[in-house]
Structure formats: structure tokens, C-alpha cells
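Note that ligands are numbered from 1 as they come in the structure, with each ligand's atoms numbered from 1 the same way. No experiment lies behind these values; they were computed from the predicted model shown.
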Amino acid sequence: MTAATAARTLFTALTGREPEGIWSAPGRVNLIGEHTDYNEGFVLPFAIPHRTYAAVAFNGTDAIRVASTFAEEPVEVELSALNTLFPAKAQGSDGQEPAEGPAVPEWSAYVLGVAWALRALQPGDANPGPSAGSGTQVSSGTQSRGVDIAIASDVPVGAGLSSSAAIEGATATALNELWGLGLDAVTLARAGRRAENEAVGAPTGIMDQMASMLGRADAATFLDCRTLETRSIPTGFTAAGLEVLVIDTQVKHAHSTGGYRERRDACERGAALLGIRSLRDAGVADLPRAAELMDEVTLRRVRHVITENQRVLDTVAVLGEQGPRAIGDLLVASHASMRDDFEISVPELDAAVDAALAHGAIGARMTGGGFGGAAIALVEHDAVGWVSDAVRAAFADAGFGAPHIFTVAPSEGPRRDA
Ligand code: ADP
Ligand code: MG
């Protein structure tokens, strides 16, 4: 059963009715530019063919009801209770402080958080303060905006392929249409990020949501995470006869805990020591000065971010000037920097990259936040089977669990499927 059909089937089981529509948004891989997003730097992700589907219809109440094949027990919350469930942060919405764990099952906070963030954008419908005339009336003509939402996905969850942005994007796209909000893709991406930062409490940047919302076939999305300026960069993979192999190590990561937070703190510390707002404001020429100012670990964290920003710019230039076969060394250098300086790789990711490169991959690197998840390898179309077999053999030799290996091509962003 396809994920779209699974969403419809779950919706019908939940409600006894047909959905009004089915909307979907893709996961993503990051071609290059890791842990640069929250440093206001550059990233170059692309949307993948794997998508999350939301089957949705109005339910005639003022409640939002969510179910997922991931956790079939539905969760129901009154729309008017969303502001209590996810209190807006006093310091604003840039996600610096993770929220307390949500009072609803964590998976449902991705969906409910998007509904909350979208409502907060609407005049007359948001954060009814003491001066607001009525906090319960919605601003459009629809009497009740309650919806039932059934989610199903073929994006591997927790693999670094951003199932989180996919579920947020599918929800945001569906509600944007059903609630008649008329918001653009970037605004929907920001609502997704706000949900993830404040409703779920994962201190992630804006890259994943932008990659999902702005996906285009055969192109990656260059994103300046400071200005949110984007540029669609043709990858030319298909024309060059190249495939991107995803090697999901099946090692699960968790953003809301541990290492991710520590790396963010190190970057903030490094920027403060350099006297700049964020590491985006430093370049390779600042590294000698950085070495004078900070301890060895902080320096290595800073060096990763500074050199990675440069590698993103170089990749965009090389894709344009020389084509995709010429970006291999940049991918390899990116992996080395994450392994040695940022220290976010794991033995399984290193084994995947090493085995792919040893068997003819043009380039390979871990992708996503690290501490598990997936690696990508750029390989000739005809070498996909050979490289995949080599990676599987390397995993078996090392005693690792079998990886999940598949190809992805840069794909389109959100859409209405039915
Ligand atoms: P990634 O985005 O790399 O897959 P995250 O930890 O950011 O990993 O997001 C994974 C989380 O998103 C899951 O643990 C779950 O809470 C939520 N999620 C993703 N897809 C679904 C889905 N189809 N149904 C329910 N929850 C989902
Ligand atoms: Mg995620």
C-alpha cells in the first residue's frame, strides 16, 4: 500500500468518512552544509521522492484530531486549547530555548504545533491577550475550523531525512488550503520550524522546512539561513548519469537531547569569543585569530562551521561551472570535517562513506544532524549495485546491523495529491 493510500485508509478508519483532500510534502537530504543553518550560514539540501501524506477534512467541531500510522491512538485537542498547550515564548520565536516536553504525545506535537503556529499568524485569531475582544471567534467565515488529520509517510523516521519537516509541511500545506490562509511556502516553512522549536522542543534550524517546501525536480535549494534568500541550483545529476545513494545506517538519533544542543552552545560560545553575532560573520581568514581566542574543542567546532560555509559556496560554484562530477572532493572534505572537527559522525556513517569511496563513489558524506542517520554517496548510475553491495559487506564485516540503501533524485515540494 502506498503512503497516500495508507493516509486515506487511516482517515476512513478514524472518521468513517472520506477525506476532503490529501496533501503531501517531501523529506530531504542535505547535499552539503551541515550545522551551518543555526549559525546563519549556507546550506544546499534537496527534496527527495519520499513523502509524508496528510488526509484531512473538516470535522464540524472546534477540535483538531490527529492520527498517524506511526502511533494509531488518535490525539484530540480543542483549537482554543492550543495556546495553553504550547505557550508562546517570551523571548520570541527564534528557537534559542527548547520548550519543556509537550503535554501531548511527542509525534502529535509536530502536527498540532503547526496548527498552533498557523493560527498564531492570523490577526484576530492569535494569542488572545487581555485586550483582545474575543479569543474564541475565528477570523474567517468558516464557523468551525476543527479538522481530522490522518498521517502516513514513506520517509524513514529519525534517519536524518527529515520526516519531521515532511509531516510539518504536509500539515501546513493542508491547513493553508482548508483554512484559506493564502500563505506562501516560506511562511509555511517558518510555521513548521516554530512548531518544531517551540511545540516539540527540538532546537533545529530552518533548513529542513525550506528544503521540503521549496523542493524542485533536478535542483537543490541554496539557502542563506540569515536572509532566507533562496536560489534553485540545478544539480544536473540525471543528465550526467549520476545517482545519489542514501545509506540509512538505522542508527537512530535524537535532536531534542544531548550532542546537538552541545554543538549549538559551542558555536554560540565561539561567535561570542570572536565578537560576532554568529559564525556566519567569520571566514577562513579568521581561523588564526580564533585559535588565539578559544580552547581547542571550541576551535574545532568553529572551524567546521566556517569551512563548511565555504564548501557550500564552492559547491554551488562548481555545479554551475564544472558540473556534478566535480563536487566529489567537497563532499569528502565535508565528511572529514564533521568526523574530526565537529565530531558528530558515528562508526557506521564513517564505514558507509569509506566503503562507498573505496568502491568508486565520486563523493560521499554523512547527511543530517549526525549521531546516526544516513550518509549519501554520489555514484555513477551503473555503479549503484556494486557500491551498495560493498557498503553492505563492510557493515557485515564490522558487525553492524544491515543498512537500508536506496537512491533519491531531487524532487518537487509540497502538493495536493487528491
Ligand atoms: P528526522 O526528521 O530526521 O526523521 P526527527 O527526530 O527530526 O528525525 O523527527 C522524527 C520525529 O517526527 C518522530 O520521532 C515523530 O515524533 C515525528 N514524525 C515523523 N514522521 C511521522 C509520522 N509519519 N507520524 C507521526 N510522527 C512522525
Ligand atoms: Mg527532523
Problem set entry | Under the side-chain contact (heavy atoms from CB on, under 4.5 Å) test, residues paired with D397 that sit two or more places apart | none
For this session: Would you sort out whether Y260 and Y38 count as a ring-ring contact (aromatic ring centres under 6.0 Å, His included), showing the intermediate values?
Result: CA-CA 11 Å; Y260 188 93; Y38 55 80; 5.6 Å; yes
Exercise. Heavy atom under 4.0 Å from ligand 1: found in L161's side chain, backbone, both, or neither?
Worked result: backbone
Exercise. Does an N or O from S164, backbone or side chain, lie closer than 3.5 Å to an N or O of ligand 1?
Worked result: yes
Exercise. Tell me the side chain to side chain donor-acceptor pair (under 3.5 Å) pairs involving residues 239-248, sequence neighbours left out?
Worked result: E243-H381
Exercise. Quick one: does S153 get an N or O within less than 3.5 Å of an N or O on ligand 1?
Worked result: no
Seminar exercise, completed: If we number the atoms of ligand 1 from 1 as shown, the ones under 4.0 Å from a heavy atom of S68 are 22 (C), 23 (N), 24 (N), 25 (C)
For this session: Please work out whether any backbone atom (N, CA, C, O) or any side-chain heavy atom from C-beta onward of F70 is under 4.0 Å from ligand 1, and answer side chain, backbone, both or neither.
Result: side chain
For this session: State whether the number of non-hydrogen atoms from other residues, nucleotides or ligands found under 6.0 Å of R226 atom CZ is greater than 12.
Result: yes
Exercise. Can an N, O or S atom be found in S164 less than 2.8 Å away from the Mg ion (ligand 2)?
Worked result: yes
For this session: Report, in ascending order of atom number, the atoms of ligand 1 lying under 4.0 Å from any heavy atom of I167.
Result: 21 (C), 22 (C), 24 (N), 25 (C), 26 (N), 27 (C)
Exercise. Are P414 and W23 close enough that some pair of their side-chain heavy atoms sits under 4.5 Å apart?
Worked result: no
Seminar exercise, completed: All heavy atoms of A375 vs all of V353, minimum pair found to be CB-CG2, 4.1 Å
For this session: Report, in ascending order of atom number, the atoms of ligand 1 lying under 4.0 Å from any heavy atom of W107.
Result: 15 (C), 16 (O), 25 (C), 26 (N)
Exercise. Strictly under 4.0 Å, does any heavy atom of G160 approach an atom of ligand 1?
Worked result: yes
Seminar exercise, completed: For S163, the ligand 1 atoms with a heavy-atom partner under 4.0 Å come out as 1 (P), 2 (O), 4 (O), 9 (O), 10 (C), 19 (C), 20 (N)
Exercise. Between W107 and F70, is the ring centre distance below 6.0 Å?
Worked result: no
